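First the structure, in the form of structure tokens, and then the observations on it.
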Amino acid sequence: MDPLVEARDVEMMFASGRSGRRINIHVLRKISFDVDHGETLGLVGESGSGKSTIGRIVVGLHEPTGGSLKLFGLALTGPNRASNLSTVRSRAQFVFQDPHAALNPRMRAGDSIAEPIDVAGAHTRRDRNERVKELLRLVGLPHDAADRFPHEFSGGQRQRIVIARALALEPLFIVCDEPVSALDVSMQAQVVNLLMDLQDRFGIGYLFIAHDLAVVRAVSRRVAVIYAGAIVELAEKNALFASPQHPYTQALLDAVPRPDPGRVRKRAIVGEVPSLVSPPPGCRFHTRCPRAMPKCSVDEPVLRETSPGRFTACHLHGTP
Amino acid sequence: MTDLAVGSFPGALAPRRRFVLLRRLAAHRSFQIGLVLVALLALAAIFAPFLTSADPSAMKVRFRFRPPSAAFPFGTDNFGRDIFTRVLYGARVSLWIGLVVAVSTGVIGAAIGVLAAQFRRLDPFLMRCMDALMSFPAILLALGVTAALGPRMDSVIIALTVAYVPAGARIVRASALVVRELDYIAAARIAGASNARIMIRHILPNSVSPLLVHVTFVFAYAILSEAALSFLGVGVPPPTASWGNIIAEGRDYATEAWWVMLFPGLGITLSALGLNLLGDGLRDVLDPRLNWRA
Amino acid sequence: MSALVSIDKLTVQFRGDRGWITVVEDVSFALGEGECVGVVGESGSGKSVTALSMLGLHPRGAARFPSGSILYAGLDLLRASQRDLRAVRGRDIAMVFQDPMSSLNPVLTICDQICESLRLHQGLSRAVARRRAIELLDLVRIADAARRVDEYPHRFSGGMRQRVMIAIAIACRPRLLIADEPTTALDVTIQAQILELLRDLHEELGMAVLLISHDLGVIAEFARRVVVMYAGRIVEDAPVDVLFASPRHPYTEGLMASMPPLDGGADRLYAIPGRIPDPDEPIPGCRFGPRCPHLEPVCSVSAPELVAISETHRVRCTPRTRPGVRG
């Protein structure tokens, strides 16, 4: 069976500035990954990594400027993009980060949830309302929530409405873009559990984008780490967390604060994410890498399979 | 079905607080005063035939230049016409012009603003047109239109609408540009919504708050502008009474019959004041910062 | 250790649609010289409101303090005049805020913004203040300080802006630095850098730090003592190792349990049921009651008091602070 998502060498450039002073920002370079049916691929990165852009490309909001992308086996790049997209669109959905911006403040919750159904147009009014009630039940909200406006809900409840909307057309694949980062800690666990339960129940595959490593670990089967527009490591989660191969992965793990007062901390790595407009030559991480070699400032490493199922883009690993 | 909610029940919804904005509006001092003023004037205009039995155009030359008295509460003009009656009927004309201009400006301005924000290629063209219109002083523009179409009430309405649309369009465009970038627009797109649906159901309702405030002020400006146009002789043509042309006709007798200019002038002042206060109240209540909660 | 700042039974009310709403109630704790205290809580906990109250930073007329006091050097900060408050702000007590992107004035250079505090409180001349500003930028580890001091904020990234904010805050060597979620808006690797900087500065300058965060990990790595707040009240107050090893309040326990462990092993996360109450929501007895897995009848009847179960450990929970249960 085709994987849900198949990305090969996807590139994304954004043009910025007015004509005459156009700058091209190379946001994504040679992104390759798969998401299989019913599995969760975690995508971890910091700001400027391009992780949100990947999410939006996969669900059809942007068209990649290079490479190939297939959703449910149909190509979203190339001449048939428009027709393929309208075919598979109902099966892929999106959960947004900010529950305050993800819902139209002037639409009742029920109408927001039903929007995908209304646009598709195929249902009667009664069926549609029944479906809204069912979706509210699925996400654990009472059904009088349908008549209320977003400002009458808390952040965690709004996120549930966003999830209900994503479920409206029974998708098989959902991109979750930082779905819990904007929520309080006690809400995060609730929403994460909900997402995992929905996966168990309906076999939905997720692309789970986040910067919080601990949450990503809890929900994913495999994890990809992305830095400055390229995937630097991709592995099964336990392997990645137990023995990270790429120095950036190691730095991320070291930097996460733990609820352990006695822990001895390593010094933080220096520097910041490089500018995407004029990136450093060679490996983009070499300016901050504690283990950089002379080769790293010249050749950009390629994502290679270092052992079955593990991919790393680093000169320290893989065949020289 | 409840197994999914186990351990994760989000808690009951807070009790509903309905019509918060309306209640806040009703409690706002400026809004209250403005509403009372405008309501009184509007009612006086609507019920004019019941408040006075005279005919606004009836000339009773025997009673020229009578100062305000029991028989003629606002006095008479040089033709012996009852100013009280003329002011009441004039209210109908002036307030109607103001209302139509305000509503048209709102509707057309909103449409242009949303279209400009949504279609980036159309945007420069539309905005340059708006800039061109804005660079003419409203009165001159109105003079031009009236000269072209002939002096009629409709010309005045069209002229003033054309003059005030650009500001409204800019206001809506500014809001719409912000709204476009929000996640719920992307969500609608992912759901497959067409451009039209996105503009009408999502962008428009969320971009119009500042326009609502602006429109109340346009109502006031239109009344004032109509008066100015009539003063210049290119407003509503006599013998139809409008506040503006009552003042225009009374200009020549300002020292002898001051009451001819005073009472329509009061009407204009009070309606402009009332509308401004209404607009202030709306603006304060709709201001998103004031809706911030601890 | 003598108390530098002593907050006693602080109660804060905000003006709502229908009258005054209590957002913080009965908050009491003391900060010693050079002490590192963390305040942890979620939204609605009142942690930021408490910090803002210490410097009188609430909008005029929007907040009132029906009871309580905040004592600093003999002055009650809640009732002090604007003049007295201005003398304290920036010089003795300084604050760093959450969002570095909007904390700096975009039309003034970095030098102007750092020097403002220096010239105001220490009366330095322009030249001397500028030199001190460069020293401060070095202290907060901004490379090429002498050149960057004349730049405008838009040339700085989020992490660097936060360093500048810290530089402004420590310019006059305050005795207390309040940091309100200083790293929440930053990437995790940058967050680690900033926290390291704060730790190093705390050691070098000997100033007390009050760190406010919703992130238990950040608190664990930084604070010596932790105050846990929920729905406007302190629910637990203990030294950091005691708190993490043996929390006593059900909310603290729940919070810790719901953090997914970085070391794996969790298939399903523990989630505290329910949601955070609105400040004006009437709840009889303990405000955490509706969500508490150990709720007892007495909890819904009378509000619990903050009780000391040991010299350094206070808990606000009636069942957990009964005599015989302590220690």
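Chain identifiers are assigned alphabetically (A, B, ...) following the order of the sequence lines, protein sequences preceding nucleic acid strands; residue numbering begins at 1 within each chain. Values below: every heavy atom of this structure, side chains too, minus hydrogens, waters and symmetry copies. This structure is a prediction, so every number in the text was calculated from the model and none was measured.
Both the backbone and the side chain of B/Arg189 have a heavy atom closer than 4.5 Å to some heavy atom of chain A. Proximity to chain B (any heavy atom under 4.5 Å) is restricted, for A/Leu61, to the side chain, taken from C-beta onward.
Considering CG of B/Leu182 and CZ of A/Phe96, their distance stands at 10.5 Å, rounded to 0.5 Å. In this structure, B/Ile190 CD1 and A/Gln93 CD are separated by 6.5 Å, a value rounded to the nearest 0.5 Å. With rounding to the nearest 0.5 Å, the separation of CG in A/Asn104 from OH in B/Tyr184 is 5.0 Å.
Between B/Arg197 and A/Val119 there is a side-chain heavy-atom pair separated by less than 4.5 Å.
Heavy-atom contacts from other residues, nucleotides or ligands closer than 6.0 Å to NE2 of A/His143 number 12 or fewer. By the 6.0 Å contact criterion, CZ on B/Phe47 is open, its count of non-hydrogen atoms from other residues, nucleotides or ligands being 12 or less. Around the CZ atom of B/Phe125, the shell of radius 6.0 Å holds no more than 12 heavy atoms that belong to other residues, nucleotides or ligands. Other residues, nucleotides and ligands contribute over 12 non-hydrogen atoms within 6.0 Å of the CZ atom of A/Phe72.
Using a 4.0 Å cut-off between charged nitrogen and carboxylate oxygen, A/Glu115 and B/Arg201 do not count as a salt-bridge pair.
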Could you walk me through whether B/Asp183 and A/Arg56 satisfy the salt bridge (charged side-chain N to carboxylate O under 4.0 Å, His left out) test, starting with their C-alpha distance in whole Å, then the side-chain angles of each, then the deciding distance to 0.1 Å, before giving a yes or no?
CA-CA 11 Å; B/Asp183 284 341; A/Arg56 283 162 191 253; 3.3 Å; yes
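A donor-acceptor pair under 3.5 Å is absent between the side-chain atoms of A/Arg106 and the main chain of B/Asn206, judged by distance alone.
Contact record, B/Ala191 with A/Pro116: CB-CA, 3.8 Å, taken as the closest heavy-atom pair. B/Gly192 approaches A/Arg89 most closely through the heavy-atom pair CA-CD, 3.8 Å.
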